[in-house]
Each structure stands twice: as structure tokens, then as C-alpha cells.
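First up is the structure itself, then whatever we jot down about it.
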Amino acid sequence: MATMAERTSDVLIVGGGVIGLACAWYLLRAGRSVTVLERGRPGDGASHGNCGTITPSHAPPLPEPGVLGRALKWMLKPDAPLYIRPRLDPALWRWLLKFMAHSNARDHARGARIRAGLLNASYEALGTLLDETGIDCGLQRSGLLYVFRSTQYLAAHAGLPESLQPLGITAELWDGARMEREEPALRPGVTGGIWFPGDASLRPDQLVAGLTRAVREAGGEIVENTPVDGFEIGGERVTALRSGRRRWAADEVVLATGAWSPALARELGLRLPIQPGKGYSLTFARPALAPRRALVLKEPSVCVTTWADGFRLGSTMEFSGYDERLNPVRLAALRRGAAEFLHEPGAGEPTESWYGWRPMTWDDLPVIGRAPRLRNLVIASGHGMLGVSMGPVTGMLVRDLLLGRAPVVDLEPLSPARFG
Ligand SMILES: Cc1cc2nc3c(=O)[nH]c(=O)nc-3n(C[C@H](O)[C@H](O)[C@H](O)COP(=O)(O)OP(=O)(O)OC[C@H]3O[C@@H](n4cnc5c(N)ncnc54)[C@H](O)[C@@H]3O)c2cc1C
């Protein structure tokens, strides 16, 4: 016999990462009652140990001409920044084929325009979000710097500032001498860099903790240790969510479960081709000679973020399914990459060694929109490498969808309907 729904609210959000919590905050602010159901604790997923950079600079999507050649070369190197573990996984191969089909100049330019719209709107909204919630997560509007040691690699990226300009993103090319002046933390041998003054960085765990507090203070309920494991459907609506013997009902349901979304979508009869793109990070005490702003060390593809009390190296994109192991080869590659570029690349034992699964779509665009066939289900997932950067705008878009308001950016390209 089915148990009565334990509680009803206007909106049920599944997943308490940066995306689910941002949706909760904007909906509460708009007067809706909200319950978040979280499998573990808020921030247990990718939102915890990521690099915390806010990057309009990353508007160009991953699928781009030439990516296939690089990926094939890297597949043979277990410590490469991009690694696809060769295995028989039809969903992964279908995903890769779609990714390759999108790796052309036209789709790349379209993706960059759409992502720039999202990233710029999100960057603008972040300040207000932090002011309104009183969250202190060490936001530093000190930009982000790409660092190159090889002249050829620098030359290959030299056109970036010009190509980003029409997207409203400012970037400057710096020569080796300027790099030395601006970033004493870098070892000699840097040939140049690209400076993005409009980027920022923050402590992602503090952002999640702050959002958790703000959601609760605004009257939202966050139910921890509650994995949603079933749905009840009546006609074209999700009528209840289940976790073990407990049930919840709501007018609207938002699925914000990051890399876990495809399995839950399958339960709902939906196709959501999202692959877990595994990344790693190592956190250390802040070194004496710390970088002045967030860096991306381009050749090894290592992101370096420095906070008042810490220092993080993060990177790698590994397609190895839902593998929960911390791969020592990849952690060592992070340290090695940093040691080539920095005087003080992180000393001693890290205070935290971490992995997270980025929710990756094959067009590198998030999925934000109403699900086909289920009229009260909204998907907010697939933010790939940019979930922190796109958190505020995603919350605003989900609010606009549920309230029937005009969205802050066009939602059509983000619709789950694109997966058929
Ligand atoms: C190494 C690394 C570095 C990164 N650096 C950056 C960066 O610098 N800037 C940036 O913008 N982004 C960055 N990202 C990406 C960013 O971390 C993600 O895009 C973002 O965290 C995704 O947020 P989310 O809320 O969708 O997913 P998650 O944070 O993974 O949250 C999903 C939540 O759903 C919960 N859940 C899962 N299944 C269920 C269920 N059945 N029932 C209930 N709850 C469930 C999980 O426990 C989890 O808490 C990085 C990622 C990695 C791995």
C-alpha cells in the first residue's frame, strides 16, 4: 500500500549541489515554498572540491575543430589532461560520436555565444546573490591568467582575445616580461599569457555552505541523507518522489542531480546523455609565494586557485564512468604540472585530495528546461566545467520558468528536448 506523501511544497528539488541550492534560493526569494532532497549532505558532489573559478573566459565550448586528434593522442597517456579509458560502454561511445559531430567551427561559434550569454549574466548576478544572502566565500574579482611556457602553444592561443571580444569578454595578451612582473610566483621560462580581468574566484565549499544556510533561513527545507530512488507518474505529471518508504509531493519538480542525472532521468522515461567527466583536486596550506590571482597552467592544463587560507590545484577530464577511486597517477600529474610552473607548487601532504564528476553534455551546454512529456518536471543539470560559474543564472532561469516570467537568456538551445 502506498504511504501518504510526507510533505508537500510548491517545488521539490532533487540534489543539493550548487545548482539545486541556487534554484532553491531564487524560488524562495520569489515566494515559493521549496524542499530540497539530498542523497547525502549539501555539496557532497562536484560542488565541493572544484577550483572555484568564475570564468566568462571559458565561453568557447570543448567540442572544437581538431579536438579529435588531441583526444586520440591523449588516450594513450594515462596522465594526460584528457583521458578516455578504453572500454565497452555504448552510452559513452554514442556520447563521444555526438561530441565529435559538434566539433566543427559553426557549432563551436554557436556554443560560445550561448555560453557567453549565460556566463556574463551569471557573473553579474553573483554579486547580488552574495550581498542578499550575506554569504562570505572569499570572492576575489582579481581575474584569471592563462600561463604558457611553450611559444607554439602560446601562438596557437594568441587569437583568443580578439575572438572573445564580440562575446563581451575582455582578454589581453601578456609577454614573458609582463608575466614575470605581474606573477612573481611563476618560475622563469614563461613565454607569455592571456589575462582575463573579468574572471573571479571563490571558495566553492563556502559558497555551498552559505547557500545551504541562506535557503534554510529563507524557510526552505533541505532534507539530507535522502536519496530519491523512485518516481510516481500520473498522466503527464510527476505526482510523487520516493526515498525508501518515504514520499514527497509537489506542484513542480526540479532535477538538479549533476552527473547522477541520467539514471534518475531514465526512471522518468527520459534520455539525458550526460557523462561523468571526472576531475581531481589537491588542496594545500597557502604557500608564502602564492599566485596573486587564479591561474590556468596551459600545457599541463592545471588550474591554480589561491584563497586567504589555502591553495588548490585542480584539473583533468577523465571519462572512466562512475569510478570512485582516487587515481594516484592523475594526482601526481597535477603536482608535476604545477612544479614546472610555480616556485612553490604546494608543499607536503595535501589537506585534501578529492575527485568530482562534472556533468558533461556532448554540446557542452547545460540542460535547463521543462522535460518533454512531463509537464511539471524541470531539468537543471549538465553544467560540465562551469557549474559554479553558471549557478546564479541557472537559479534565475529555473525561477523564471516556474513563474512563467520571460527568461534572462533564451532557453531554447538549453532545452532537454534536444536529446529527443
Ligand atoms: C576538478 C574540478 C574542477 C572544477 N572547477 C570548476 C571551476 O573552477 N568553476 C566552475 O564553474 N565549475 C568547476 N567545476 C565544475 C563544477 O564543480 C560542476 O559543474 C558543479 O559543481 C555541478 O553542480 P551540480 O549541483 O549540478 O552537481 P553536484 O554538485 O554534483 O550536485 C549534485 C547533487 O545531487 C545529489 N544527488 C545525486 N543523486 C541523488 C539522488 N538520487 N537523490 C538525491 N540527491 C542526489 C548529490 O549527492 C549531489 O550533492 C569543476 C569540477 C571539477 C570536478
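Whatever order the structure lists them in is the order used to number ligands and atoms, beginning at 1.
Among the candidates Arg418, Arg110, Lys98, the single residue satisfying the salt bridge (charged side-chain N to carboxylate O under 4.0 Å, His left out) test with Asp363 is Arg418. Just one residue in the list Leu118, Asp199, Leu119, Leu126 forms a side-chain contact (heavy atoms from CB on, under 4.5 Å) with Ser389, and that residue is Leu119.
Annotation for ligand 1: atoms under 4.0 Å from non-hydrogen atoms of Leu386 are 10 (C), 11 (O), 12 (N). Atoms of ligand 1 lying under 4.0 Å from at least one heavy atom of Pro227, given by number and element, are 42 (N). Of all the atoms in ligand 1, the ones that sit under 4.0 Å from a non-hydrogen atom of Leu264 are 41 (N). Near Leu37, the atoms of ligand 1 lying under 4.0 angstrom from a non-hydrogen atom of the residue are 43 (C), 44 (N). Interface atoms of ligand 1 facing Cys51, defined by a heavy-atom separation under 4.0 Å, are 3 (C), 4 (C), 5 (N), 6 (C), 8 (O). Taking every non-hydrogen atom of Val18 and a distance limit under 4.0 Å, the qualifying atoms of ligand 1 come out as 23 (O), 25 (O). Here is the list of ligand 1 atoms found below 4.0 Å of a heavy atom in Val14: 42 (N), 43 (C).
With sequence neighbours left out, the side chain to side chain donor-acceptor pair (under 3.5 Å) criterion links Asn50 to no other residue. Applying the salt bridge (charged side-chain N to carboxylate O under 4.0 Å, His left out) test to Glu236 and every residue at least two apart in sequence or in another chain returns Arg375.
At a 4.0 Å heavy-atom cut-off, ligand 1 touches Met385 through the backbone alone. Residue contacts with ligand 1, taken as heavy atom pairs separated by less than 4.0 Å, do not involve Thr305 at all. Proximity of Trp357 to ligand 1, defined as any heavy-atom pair under 4.0 Å, is not found for any part of the residue. When non-hydrogen atoms are compared, ligand 1 lies under 4.0 Å from the backbone of Asn50 as well as from its side chain.
Within the set Ile13, Asp44, Ile19, the minimum heavy-atom distance to atom 25 (O) of ligand 1 is found for Ile19.
Of the protein's non-hydrogen atoms, the one nearest atom 48 (C) of ligand 1 is Glu38 OE1, 3.5 Å. Atom 18 (C) of ligand 1 has its closest protein heavy atom at Gly384 O, 3.7 Å. Remark: minimum distance from atom 31 (O) of ligand 1 to any protein heavy atom is reached at Gly17 CA, 3.5 Å. Scanning all protein heavy atoms for the shortest distance to atom 9 (N) of ligand 1 gives Thr53 O, 2.8 Å. Counting only heavy atoms of the protein, atom 30 (O) of ligand 1 lies nearest to Ala46 N, 2.9 Å. Ranking protein heavy atoms by distance to atom 40 (C) of ligand 1, first place goes to Val228 N, 3.6 Å. Looking only at heavy atoms of the protein, atom 23 (O) of ligand 1 is closest to Ser47 OG, 3.3 Å. Nearest non-hydrogen protein atom to atom 38 (N) of ligand 1 is Trp260 CB, 3.6 Å.
No more than 12 heavy atoms of other residues, nucleotides or ligands sit less than 6.0 Å from atom CZ of Arg325. Atom CD of Glu132 is surrounded by more than 12 heavy atoms from other residues, nucleotides or ligands within 6.0 Å.
With Trp195 as the aromatic partner, Arg293 meets the cation-pi criteria of under 6.0 angstrom to the ring centre and within 45 degrees of the ring axis. Remark: Arg242 fails to qualify as a cation-pi partner of Trp248 under the 6.0 Å distance and 45° angle criteria applied to the six-membered ring.
Trp354 and Tyr280 have their aromatic ring centers separated by at least 6.0 angstrom.
A 4.5 Å side-chain heavy-atom check between Ile233 and Thr239 finds every atom pair outside the cut-off.
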